[in-house]
Amino acid sequence: MPTSATRPAAAARPSADGVWTSLRGVDGQAVALVVQGGVLRWVGAPDAVPAQHAALPRHDGGGALVTPGLVDCHTHLVYGGQRASEFAMRLAGASYEEVARAGGGIVSTVRATREASEDALFDSASARLVSLLADGVCAIEIKSGYGLSLADERKQLRVARRLAAAHGVTVRTTFLGAHALPPEYAGRPNGSGDYIDAVCRDMLPALHAEGLVDAVDVFCERIAFSLAETEQVFQAAQGLGIPVKLHAEQLSDMGGAALAARYGALSCDHIEHLSQAGIDAMKQSGTVAVLLPGAYYTLRDTHLPPIEALRAAGVPMAVSTDHNPGTSPALSLVLMVNMACTLFRLTVPEALAGVTTHAARALGLQATHGALIVGQPANFVLWRLGSADELAYWFGQRPVKCVVRQGRVAEGAL
Ligand code: NIG
Ligand code: FE
């Protein structure tokens, strides 16, 4: 795997300007694209490329499948250490909740993240990002939530911003201060309440003022924060005009999705235990359902998210890696496409929309990402595949031929 040290700086990569021909769209039809000044100028049938683009260089795609750049809309990419030993504990029979209650879980990553310098966090996250980008990711969400103090949450979010600049990828940052109770609050009579007060009163306003917060998330769960605490964080976010999202109904039905919908949440994520009332509320508010097959798989969960009911209600479904060291050490969004189909029974078009258009919407990026959008910076992927079905079918290979990210040939070559 190339490391961040061996890759050319984002700005040094070749321009993608030109007429891209011999491509096949996800519908199987021949398609051509025109990129000029790094912007996608035109999409259409190969024999209809407007004459005004005739002088541009031509890039022959050799019949490659072309899709929009992928969007990974839920990751915890920046953290210290890793948790392979907990994986082994769980294999020996311990549940995720038991590991968390025994002082492992999120809090052990908090320890390692606090100990790591900003540069060390940047280097380790950079290496992981390289793997995700190699799968055609052009926009990614990165959450904090392993610092759990103002200084350490800031450190994570600053790294997320640096990753965007260094790798030439769109990054949306999400403040997840309400991810777990920090150890220094754990023994207090009102530890959870005190910590949520600090999240709302001190941490969120300060990080927002520094331009580090694009959205706010909470882990609403029995082993994390209550519905009332979640609402307190949502109110603070709303007061600052920041959109919210929620880790909702992963291990139990807390009613989090309906609450999030009341706050116009961009997305509710995990949702294995989502109720019909939650689905109806999400439909009304236009909230995206983010499915995370990597966490479902790693936890050897058996409680499927209510896919049929989400489909029937017309709630948009996104698919993401949920990359994190505890429950989803996944570094391939293409693998998640396969798993969303195999484990969750999404159709191929649903899974593809899940990592493109609906994922973009889960980040509020639908105007710029997740589709071939004329007038926007060019973000698209050429695949060494004959059809969209193949994208979901193979697993374990890296079928990317070439990625155009922000108007530059960022991975591979023609
Ligand atoms: O998305 N659900 C909570 N947060 C993460 C897990 C984080 C961890 O275990 O470190 C998730 O699965
Ligand atoms: Fe998560």
Side-chain angles (χ1 to χ4, degrees), residues 73-74 76 97 100 106 141 143-145 148 172-181 190-201 203-205 207-208 213-292 295 303 305-307 309-310 312-318 320 322 327 358 361-364:
C73 66
H74 179 141
H76 309 247
E97 283 175 274
I106 294 172
E141 186 242 24
K143 300 176 195 291
S144 66
L148 309 186
R172 298 299 279 177
T173 56
T174 298
F175 172 60
L176 179 56
H179 192 197
L181 191 61
N190 185 35
S192 200
D194 289 350
Y195 179 60
I196 291 296
D197 285 347
V199 162
C200 297
R201 205 188 39 221
M203 294 161 74
L204 177 57
L207 297 169
H208 169 65
V213 181
D214 297 326
V216 171
D217 193 353
V218 176
F219 186 16
C220 179
E221 194 50 73
R222 292 182 308 227
I223 57 167
F225 296 100
S226 69
L227 204 60
E229 289 165 336
T230 301
E231 179 152 25
Q232 199 184 327
V233 177
F234 283 178
Q235 274 173 0
Q238 195 177 53
L240 295 168
I242 311 170
V244 300
K245 35 204 329 75
L246 189 65
H247 278 72
E249 348 289 25
Q250 179 185 10
L251 308 170
S252 61
D253 180 11
M254 301 275 292
L259 172 72
R262 285 217 320 276
Y263 283 81
L266 288 170
S267 70
C268 289
D269 305 39
H270 287 286
I271 55 167
E272 276 82 351
H273 294 261
L274 180 63
S275 67
Q276 187 60 48
I279 292 173
D280 296 342
M282 287 171 67
K283 171 66 185 168
Q284 259 210 323
S285 58
T287 299
V288 176
V290 178
L291 306 171
L292 304 170
H303 198 291
I307 303 297
L310 286 163
V315 173
M317 293 182 276
S320 167
D322 187 19
T327 63
H358 295 159
R361 186 163 160 195
L363 299 179

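It should be emphasised that the depicted structure is a prediction, and the values quoted were computed from it without experimental measurement.
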Would you say [X]'s side chain and [Y]'s backbone share a donor-acceptor pair under 3.5 angstrom?
X	Y	result
Arg361	Gly286	yes
Tyr195	Ala178	no
His208	Val213	no
Thr287	Ala261	no
Thr173	Asp214	yes
Thr174	Val216	no

Inset, instruction - Over 60° means perpendicular and under 30° means parallel, so classify the ring planes of His247 and His74, tilted if in between. - result: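 Perpendicular.
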Legend entry - salt bridge (Lys or Arg N to Asp or Glu O under 4.0 Å) contacts touching residues 252-274 (sequence neighbours left out):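 Matches after skipping sequence neighbours: Glu231-Arg262.
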How many angstroms lie between atom [atom1] of [X] and atom [atom2] of [Y], to the nearest 0.5 angstrom?
X	Y	atom1	atom2	value
Ser267	His358	OG	NE2	13.0 Å
His270	Leu251	NE2	CG	8.0 Å
Leu274	Glu249	CG	CD	6.0 Å
Met254	Ser275	CE	OG	13.0 Å

Within a strict 4.5 Å, meaning less than it, do heavy atoms of the [X] and [Y] side chains meet?
X	Y	result
Cys73	Val290	yes
Leu227	Cys220	yes
His179	Leu148	yes

Heavy atoms only: give me the nearest [X]-[Y] pair and the separation to one decimal.
X	Y	result
Ile106	Gly145	CG2-O, 4.3 Å
Gln276	Ala309	OE1-CB, 3.7 Å
Ala362	Leu266	O-CB, 3.4 Å
Asp217	Leu246	OD1-CA, 3.3 Å
Gly256	Ala248	C-CB, 4.5 Å
Leu204	Ile242	CD1-CD1, 3.8 Å

Inset, instruction - Begin with the C-alpha distance, continue with both residues' side-chain angles, and end with the deciding distance and a verdict on side-chain contact (heavy atoms from CB on, under 4.5 Å) for Ile271 and Leu291. - result: CA-CA 7 Å; Ile271 55 167; Leu291 306 171; 4.0 Å; yes
Inset, instruction - Please test Met317 against Ile307 for side-chain contact (heavy atoms from CB on, under 4.5 Å), starting from the C-alpha separation and ending with a verdict. - result: CA-CA 9 Å; Met317 293 182 276; Ile307 303 297; 4.2 Å; yes
Legend entry - Sole candidate of His76, Gln250, Lys143 that passes side chain to side chain donor-acceptor pair (under 3.5 Å) when paired with Asp322: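 Option passing the side chain to side chain donor-acceptor pair (under 3.5 Å) with Asp322: His76.
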Inset, instruction - Answer yes if the side chains of Asp280 and Gln284 hold a donor-acceptor pair under 3.5 Å, and no otherwise. - result: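 Side chains of Asp280 and Gln284: no pair found under 3.5 Å.
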